[in-house]
Amino acid sequence: MTLIQRLRLILLPIILLTFSITGALVYKTVFDRHVDSEYQRVSTFLDFFYKEYQLELTSAQSALDLVLSSNELIDFLNQAENSYTAHMLHVMLNNQLRLVQQRLPGVRSIQIADYMNNIVISAGDEDPFKDPSWPNFPKKILDRHVGSGGSYTLPIEQHILYSEQGGELSLGVIRRFSSELILQDKISKNSSTYKAIYDAKAVSYQHLVEALSQDFKHGFALTIKPNFQGSDTVVHTFGAFEVGDDLFVRKVNDWFTIELTIDENNMITALSTLRWQLLVVILSLTISCYIAIWFGIRRQVITPIRQLVNSLQTTHNVPQIEKLSGNSEVARLNNAYVDLVDRVQYISNSDRLTELGNRQSFDLCLEEEITRANAGQTVVAVLHIDLDNFKKVNDHFGHQLGDELLTDFSTRLLEFLDSKDAIVTVSQRRKVDYIARLAGDEFGVIFNNVADSDSAETIALEINQYFSSGFNLQGKLLDVQVSIGVAIYPEVAKSQAELVLYSDEAKHQAKHRGKNQVQVFTKEIADNLELRKFIESVLVKSYHGDKFELAFQPLFNSKTMEIVCYEVLLRCPMLAVHGIGPDKFIPIAEATGLIRLIDLWVIENAFKAHNRLVEQGYKGKAAINISALELNNPNFPQELERLLTQYQINPHTIELEITETSLIDSGEKTERILWSIKRTGVNLALDDFGTGFTGLSQLAKYPIDTLKIDRSFVSNLTTDNDNQQTMFNVIVQLATIYGLDTVAEGVETEQECEATRAKCTYLQGYYLSKPVGFDELVEKIEDSVAETT
Ligand code: C2E
Ligand code: CA
Ligand code: CA
C-alpha cells in the first residue's frame, strides 16, 4: 500500500470521527439549551393558567357576593314560598348569570339550595319546565353540606375542582348562607341554611390545554392535584409517548400542584433542522479539512518523497539529485541518501590505490562526453597508457614498490594534465573521472578539449617525454617508460566501444613497436584489427567444428639422416585458403585465450597419430608446440599427464617445444610449471633459440633437453657474416657444455644442410622435407629407415 493510500485510510476516519464528536457535543449543548428554554416557556404557560384560574374564581365569588347581597334574595328569604319573590329571585339569578357569562363564557349555572340540598332556585338550566338538576360535581361533596347551619364544621365557602367525563376541568363554588345571617347579622342554632352554588367550565384550563396541544404535538401529560379538600385529581394526557428523557415541570401554588411532562420527541422534532445543518457542516468541514491536510501532506511530504524516488529510478548519477535545504524529515532523508550514495559512488568509482577513477567511472564519463560531443559536434580523444616493464619491477622488487610506482605515476600524470587545458572539468564530474586506472598498469585518459587527433597526439608525446627519464623510487632508478595509444571520436572510432578498443589497440601497436612510443590509431591498424576479428571468429568456428588439421615435418639425425623425430604443426584450412598460417593465427588464439583449448586438441590428436606410428614400428619422437601461455597455466601439467595416461604414451618419446621468447619475462611461477611438465617425463625443447636473447647462463635454470636454433642463424651460416657464424658456434658449444641436443631449423639448401650436419644433432627444413600429411610422413619414415639400413 502506498503512503498516500495509507494516509487516506487513516486520515479520513480520524477527521470524520473528530467532527462527528464535536457535532454531537454541539447538538447536545443546543438540545439542553432548548430544553431549558422550553421549560421557561412551559412555566410561563402554567403561571398564566394559574392567574387566569384565580380570575375565574374571583369572578365566581363576586357573582355569588352580588346574589347574596341582592334585595331579591332578602325578599325571598323573608317571604318564603312566595311565588312572587321566588320569581324575582329567579329573574335576578338569570340576569346575574348572563352578566357573568359575558365575561366568562364557561359559567353553566348559579343555583340556590336549601339545607337538605333541595334546589330552590336555579338559573342556567336549559329546560325551564324540568326540575332543576344538580351540577355535575361529585354529589358526596354536596352531601357534606346537608344539615342545619350550627352543626357545620365546614368553611362557609368551598370551591371544587373536578373533571367531567370528557376530561374537561370544571370549577364549582359552594357558599353557605342563612336567612338570619343576612337579616339579623347573627345566626341562631336552628336557623335554616341555604347554599348558593356556582358551576362553570374552567376556561383557563381549556386555554392551557389548547396552548400545550398547539406547541407540543408529539404529546404531553398534564396532572393537576388540588391542594384543597374534596377535589378530584385531574389528569390530562395528550398523545401517546414513552417516558424517556422528557421535560418535566412541576408547579405548586395555593390551590394545586401541576405536573407537566413534555415528550422529548417535541424537542427532537424542533431541532431537526439544526441536525441537518450540523450534518452538512460536519460533512463539509470533514471534506475541506481532509482536502487541506491531504494537499498539505502531499505538498510537503509525498511530492518530495516521490521526486526523490523518481530521481533515484531515472538516474544512475547521483549528482542529479540535489541536496534540499531545510530541516524537514524529507530533506534530511534526501540529503542523507545523497551523502550515502556519494560515498558509495566514490568508493565504487575510485581506484583504491591511486585514487584516480576506475573503469566504471571512466566508462560513465566517456559515455557523457560522447553524448556531449554528439550534441556540440566536438571530438573526444582517449589515451590508453601502459607502463613499460612494470611486470619486471613487480617481479624483481616486489608488489610494494610496484604499488608505489603506480601511485607516483598517477600523481605525476595528474599534475602534468593539470598544467594542460586538455581536460575540461565539467561541474558534475570529478577531474579524476577523466583519468582512470583501468587495470594493473593500464591507464585511460579522456580529452574533451582537443581539436583533432594531431593535438591529442601532441599531448600524448608530451606525456611520453615527461616520463621518459623513468622513476626514482626508494633510491632505485627504475627504467620504466610509457607506451600510449591514441584514438579519436567520431573521426575514426564511431562508437564508445570502438574508441576504447582502438586506443587500446593503438597502445598494443606502440608496445609492439618497441615500447616508450605513442601510436595513433590509423586506418592500417583498423584493417589489422578487422583481420584479427575475422581470424578470431574462424578459429572459434574451426575449434567447435573440429576443422583443424595436423601437418608433420620430419627431423633428421645429422649423422645417419634417419628420421628420428617429427614436429607436429597445426593447420587451419579455413584460414589457409586466405593465406593465413599459424604464424598469424597462433598469436591471435593466444590473445583470446583459445590457445589453451587448441594446445590440448593438438596434443590429443598428436598422441593419436603417434600411437599409430608406434604401432607401425616407429621408434622416434614427436615434437609438439605449446603456447607460451601454458607456462602460466598451473593446470597444464595435470592435463598433459591425463592425456599421456589416456593414450598410454611413453613420455620419453614426446618433446614439447616452447619458444625462447616465452622465457624472457618468466619468473618463479614459470619455472615451477616447467619443472612440473618435465616431471611428467616428456622432453623440453627451446624453440627459435637465438631470437629471445636468453642469457646463456640462464639455461641451467630450466629443465631443457634440446635447443632449436632459429632459422635466421642457419640461413646466415652460408653467408660471409662471420659474427653470425661465431654466434652459431657459441650456441652449439654451449649446448654441448649443458648436454643439450641441437636442432638446425629451416635448412633450405644443400649448403645449409652440409654446414649444419657437422654442428647439430638434428636437422629440419624444407630441403629435407616440408611439413606433410600423416600418410606421407609414414612413407618418409619408411624410406629413411630403408635408406639407412
Ligand atoms: P615453429 O615452431 O618454429 O615451427 C616451424 C615453422 O617453420 C613451421 O611453420 C614450418 O613450416 C616452418 N619451416 C620448416 N622448415 C622451413 C624451412 O626450411 N624454411 C622456412 N621458411 N620455414 C620452414 P608453420 O607450420 O607455419 O608454423 C609457424 C609457427 O606456428 C611455429 O613455428 C609455431 O611457433 C607455431 N605453431 C605451429 N603449430 C603449432 C601448434 O600446434 N601449437 C602451437 N602452440 N604453435 C604452433
Ligand atoms: Ca616449433
Ligand atoms: Ca622454430
Side-chain angles (χ1 to χ4, degrees), residues 535 539 542-543 548-556 565-573 575-576 578-610 621-633 636 639-640 643 654-662 677 683-692 704-718 731 742-753 755-756 760 762-773 776-777 780:
I535 293 172
L539 285 178
S542 296
Y543 177 76
F548 285 123
E549 286 174 6
L550 292 180
F552 307 89
Q553 188 178 30
L555 270 76
F556 296 82
C565 183
Y566 62 91
E567 183 175 356
V568 180
L569 294 161
L570 180 64
R571 295 288 174 261
C572 178
L575 288 173
H578 297 281
I580 299 164
D583 268 341
K584 264 230 170 78
F585 73 71
I586 292 287
I588 293 169
E590 283 178 334
T592 60
L594 190 67
I595 193 67
R596 293 203 169 155
L597 294 171
I598 294 178
D599 275 351
L600 292 178
W601 185 92
V602 171
I603 294 170
E604 186 167 2
N605 286 280
F607 283 2
K608 285 179 190 168
H610 191 63
K621 289 195 259 180
I624 305 170
N625 295 285
I626 60 164
S627 160
L629 249 63
E630 305 300 358
L631 302 184
N632 266 315
N633 176 11
F636 180 74
E639 299 282 354
L640 177 67
L643 290 171
I654 301 299
E655 190 154 74
L656 294 188
E657 297 188 5
I658 49 166
T659 54
E660 190 203 5
T661 44
S662 64
I677 296 171
N683 299 301
L684 283 170
L686 210 50
D687 207 352
D688 304 340
F689 191 79
T691 55
I704 304 294
D705 303 286
T706 308
L707 290 186
K708 294 190 78 170
I709 302 164
D710 192 65
R711 191 158 56 89
S712 53
F713 291 94
V714 175
S715 53
N716 281 324
L717 211 56
T718 51
I731 293 172
T742 47
V743 178
E745 276 194 303
V747 177
E748 287 184 341
T749 59
E750 195 182 346
Q751 293 102 306
E752 283 169 10
C753 181
T756 51
C760 297
Y762 309 106
L763 307 180
Q764 179 186 4
Y766 291 169
Y767 174 69
L768 299 165
S769 168
K770 288 203 166 188
V772 295
E776 216 175 318
L777 175 70
K780 282 185 186 274

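We're numbering straight along the sequence, starting at 1. Remember, it's 1-based here, ligands and their atoms both numbered in the order they're listed.
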S.K.: Heavy-atom contacts with D688 under 4.0 Å: which atoms of ligand 1 show up? List them by number with element.
M.R.: 3 (O)
S.K.: Assess whether a salt bridge exists between E567 and K708, defined as any Lys/Arg side-chain N lying under 4.0 Å from an Asp/Glu carboxylate O.
M.R.: yes
S.K.: Do you know the tightest heavy-atom contact between F636 and E630?
M.R.: CD1-OE1, 3.5 Å
S.K.: Against I709, only a single residue in I731, L686, D687 fulfils side chain to side chain contact (heavy atoms under 4.5 Å, CB included); can you say which?
M.R.: I731
S.K.: Strictly under 3.0 Å, is the Ca ion (ligand 2) approached by any N, O or S atom of E745?
M.R.: no
S.K.: With the threshold set strictly below 4.0 angstrom, can you tell me whether any protein non-hydrogen atom sits that near atom 38 (N) of ligand 1?
M.R.: yes
S.K.: I need the nearest protein heavy-atom contact for atom 28 (C) of ligand 1: residue, atom name and distance, please.
M.R.: D583 OD1, 3.2 Å
S.K.: Measuring to the Ca ion (ligand 2), does N625 have an N/O/S atom at a distance below 3.0 Å?
M.R.: yes
S.K.: Is there at least one protein heavy-atom neighbour under 4.0 Å from atom 45 (N) of ligand 1?
M.R.: yes
S.K.: With a 4.0 Å heavy-atom cut-off (strictly under), which part of D687 contacts ligand 1: side chain, backbone, both or neither?
M.R.: side chain
S.K.: Between the Ca ion (ligand 2) and E657, which N, O or S atom of the residue is the nearest one?
M.R.: OE1
S.K.: Is there a side-chain contact between Y762 and F556 in this structure, where contact means two heavy atoms from C-beta onward sitting under 4.5 Å apart?
M.R.: no
S.K.: Considering non-hydrogen atoms only, spot the tightest contact between A623 and E657 and give its length.
M.R.: CB-OE2, 3.3 Å
S.K.: Measure the shortest side-chain to side-chain distance between L570 and N625 over non-hydrogen atoms and say whether it is less than 4.5 angstrom.
M.R.: no
S.K.: Tell me whether ligand 1 is touched by R711 - counting only heavy atoms on the residue side and a distance under 4.0 Å.
M.R.: yes
S.K.: Taking C-beta and beyond as the side chain, do C760 and V743 meet within less than 4.5 Å on heavy atoms?
M.R.: no
S.K.: Check this for me - ligand 1, L569, N or O atoms closer than 3.5 angstrom, yes or no?
M.R.: no
S.K.: Minimum heavy-atom separation for F585 and C572, please, with both atom names.
M.R.: CE2-CB, 3.7 Å
S.K.: Verify the distance criterion only: is there a donor paired with an acceptor across the side chains of E590 and S627 at less than 3.5 Å?
M.R.: yes
S.K.: Where does V602 meet ligand 1, judged by heavy-atom distances below 4.0 Å: at the side chain, the backbone, both, or neither?
M.R.: side chain
S.K.: Evaluate the 4.0 Å heavy atom contact test for atom 7 (O) of ligand 1: does a protein atom fall under the cut-off?
M.R.: no
S.K.: Out of curiosity, is E567 lining ligand 1, as in a heavy atom under 4.0 Å away?
M.R.: yes
S.K.: What residue and heavy atom of the protein are closest to atom 43 (C) of ligand 1, and at what distance?
M.R.: N625 CB, 3.5 Å
S.K.: Is the closest heavy atom of K708 to ligand 1 under 4.0 Å?
M.R.: no
S.K.: After noting the C-alpha distance and the side-chain angles of Q553 and L569, does the key distance pass the side chain to side chain contact (heavy atoms under 4.5 Å, CB included) rule?
M.R.: CA-CA 8 Å; Q553 188 178 30; L569 294 161; 4.1 Å; yes
S.K.: Tell me the protein heavy atom at minimum distance from atom 11 (O) of ligand 1, and give that distance in Å.
M.R.: P771 CG, 3.4 Å
S.K.: Taking the side chain as every heavy atom from C-beta outward, state whether E549 and P573 have any atom pair closer than 4.5 Å.
M.R.: yes
S.K.: Heavy-atom pairs closer than 4.0 Å: do any link ligand 1 to the side chain of R571, the backbone, both, or neither?
M.R.: side chain
S.K.: I need the nearest protein heavy-atom contact for atom 20 (C) of ligand 1: residue, atom name and distance, please.
M.R.: E748 OE2, 3.2 Å
S.K.: Are R711 and E748 side-chain neighbours, meaning at least one heavy-atom pair lies under 4.5 Å?
M.R.: yes
S.K.: Only heavy atoms of E745, strictly under 4.0 Å: list the atoms of ligand 1 that pass.
M.R.: 3 (O)
S.K.: Are there more than 12 heavy atoms of other residues, nucleotides or ligands under 6.0 Å from atom NZ of K770?
M.R.: no
S.K.: Looking only at heavy atoms, is any part of I624 under 4.0 Å from ligand 1, and if so is it the side chain, the backbone, or both, or is it neither?
M.R.: neither
S.K.: Just so I know, are the side chains of I654 and K621 near enough to count as touching, which here means a heavy-atom distance under 4.5 Å?
M.R.: no
S.K.: Check D687 and report its N/O/S atom nearest to the Ca ion (ligand 3), by atom name.
M.R.: OD1
S.K.: Going through the checks in order, is the side chain to side chain contact (heavy atoms under 4.5 Å, CB included) test met by R571 and L550?
M.R.: CA-CA 6 Å; R571 295 288 174 261; L550 292 180; over 6 Å; no
S.K.: Might you work through the side chain to side chain donor-acceptor pair (under 3.5 Å) test for E655 and T706, ending with a clear yes or no?
M.R.: CA-CA 9 Å; E655 190 154 74; T706 308; 2.7 Å; yes
S.K.: Name of the E567 N, O or S atom nearest the Ca ion (ligand 2)?
M.R.: OE2
S.K.: Would you say D688 has an N, O or S atom lying under 3.0 Å from the Ca ion (ligand 3)?
M.R.: yes
S.K.: Can you check whether Y766 has an N/O within less than 3.5 Å of an N/O in ligand 1?
M.R.: yes
S.K.: What atoms of ligand 1 come within less than 4.0 Å of a heavy atom belonging to G765?
M.R.: 15 (N), 18 (O)
S.K.: How does V747 reach ligand 1, by side chain, by backbone, by both or by neither, if only non-hydrogen atoms under 4.0 Å count?
M.R.: backbone
S.K.: Should L640 and L600 count as side-chain neighbours, where that means a heavy-atom distance under 4.5 Å?
M.R.: no
S.K.: Heavy-atom distance under 4.5 Å between the side chains of L539 and T592, does that happen here?
M.R.: no
S.K.: Give the residue, atom name and distance (to 0.1 Å) of the protein heavy atom nearest atom 41 (O) of ligand 1.
M.R.: L570 CB, 3.4 Å
S.K.: Kindly indicate whether atom 26 (O) of ligand 1 is approached by any protein heavy atom to under 4.0 angstrom.
M.R.: yes
S.K.: Would you mind checking which non-hydrogen protein atom is closest to atom 35 (C) of ligand 1, with the distance to 0.1 Å?
M.R.: I586 CG1, 4.1 Å
S.K.: Considering the heavy atoms of Q553, write down every atom of ligand 1 situated less than 4.0 Å from one of them.
M.R.: 10 (C), 14 (C), 15 (N)
S.K.: Which class fits the ring pair F552 and Y566: parallel under 30°, tilted 30 to 60°, perpendicular over 60°?
M.R.: perpendicular
S.K.: For S627, is the nearest heavy atom under 4.0 Å from an atom of ligand 1?
M.R.: yes
S.K.: At a 4.0 Å threshold, what atoms of ligand 1 neighbour a non-hydrogen atom of I626?
M.R.: 44 (N)
S.K.: Provide, to 0.1 Å, the distance between atom 24 (P) of ligand 1 and the closest protein heavy atom, together with that atom's residue and name.
M.R.: P582 CG, 3.7 Å
